[in-house]
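Remarks on the structure that follows.
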Amino acid sequence: MAFGKPRRRPSDEDQRILPLINVVFLLLIFFMVAGQLSKTDRIRIDPPVSDSKKEAAEPPLQILIAPDGRIVLGGEDIALDALSGKLRQMSDTHAGTVHVKADGAVDAVTVIGVLDRIKAGGATKVNLLTSARKGP
């Protein structure tokens, strides 16, 4: 009696990769739900446009100026008169560089007043953040 080679069932390649696809899909959903893409500002700011191509790094200390003139430092509202004192208190934890992010609708007098208080607070370098101009 001659027996031939035993026949193998054809393997289904899709059945072996399906658990991997499920795991990858679950990881994707987990990181989408658990992750945060970028830190958002406490108030909505539309900065003025600029022709500068230089990208700003994440600032060590950031001051926000809202369209209505409110000033936010470290996520908390602060009065203009208290700004320089607060900056002097924070000088030992920050390198002396301050980034100012003002709304484009804020008048220049308010921005200059904030810049004067920052200088009185002992900041060594102040950057006024703008957004890039779109188009030609």
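For the single chain, residues carry numbers from 1 onward in sequence order. It should be emphasised that the depicted structure is a prediction, and the values quoted were computed from it without experimental measurement.
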Legend entry - Pair Val72-Gln62, side-chain contact (heavy atoms from CB on, under 4.5 Å): steps then yes or no: CA-CA 8 Å; Val72 176; Gln62 188 174 51; over 6 Å; no
Starting from [Y], can I reach [X] by hopping between I/L/V/M/F/W/Y residues whose side chains sit under 4.5 Å apart?
| X | Y | answer |
| --- | --- | --- |
| Ile45 | Leu128 | no |
| Leu64 | Val114 | no |
| Ile21 | Leu27 | no |
| Val106 | Ile43 | no |

Inset, instruction - Walk me through it: do Ile63 and Leu83 pass the test side-chain contact (heavy atoms from CB on, under 4.5 Å)? - result: CA-CA 10 Å; Ile63 296 175; Leu83 183 61; 4.0 Å; yes
Looking at side-chain heavy atoms only, is the closest gap between [X] and [Y] below 4.5 Å?
| X | Y | answer |
| --- | --- | --- |
| Leu73 | Met90 | yes |
| Arg44 | Asp46 | yes |
| Leu80 | Thr110 | no |

Legend entry - Atom pair CZ/CG of Arg117 and Leu115 - distance to nearest 0.5 Å: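 So the CZ of Arg117 and the CG of Leu115 are separated by 11.5 Å.
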Legend entry - Point-to-point distance, once rounded to the nearest 0.5 Å, from CG of Leu61 to CG of Asn127: 11.5 Å
Legend entry - Remaining members of the apolar cluster that contains Val33, side-chain heavy atoms under 4.5 Å: Phe25, Ile29
Inset, instruction - Considering only Ile, Leu, Val, Met, Phe, Trp and Tyr, and joining two whenever side-chain heavy atoms are under 4.5 Å apart, list the other residues clustered with Leu28. - result: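 Under the 4.5 Å side-chain rule, Leu28 groups with Met32.
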Inset, instruction - Return the minimal non-hydrogen interatomic distance between Pro48 and Ala102, and the atom names on each side. - result: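 Of all heavy-atom pairs spanning Pro48 and Ala102, the closest is CD-O, 3.4 Å.
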Inset, instruction - Using the test salt bridge (Lys or Arg N to Asp or Glu O under 4.0 Å), find all partners of Lys86 that sit at least two apart in sequence or belong to another chain. - result: none
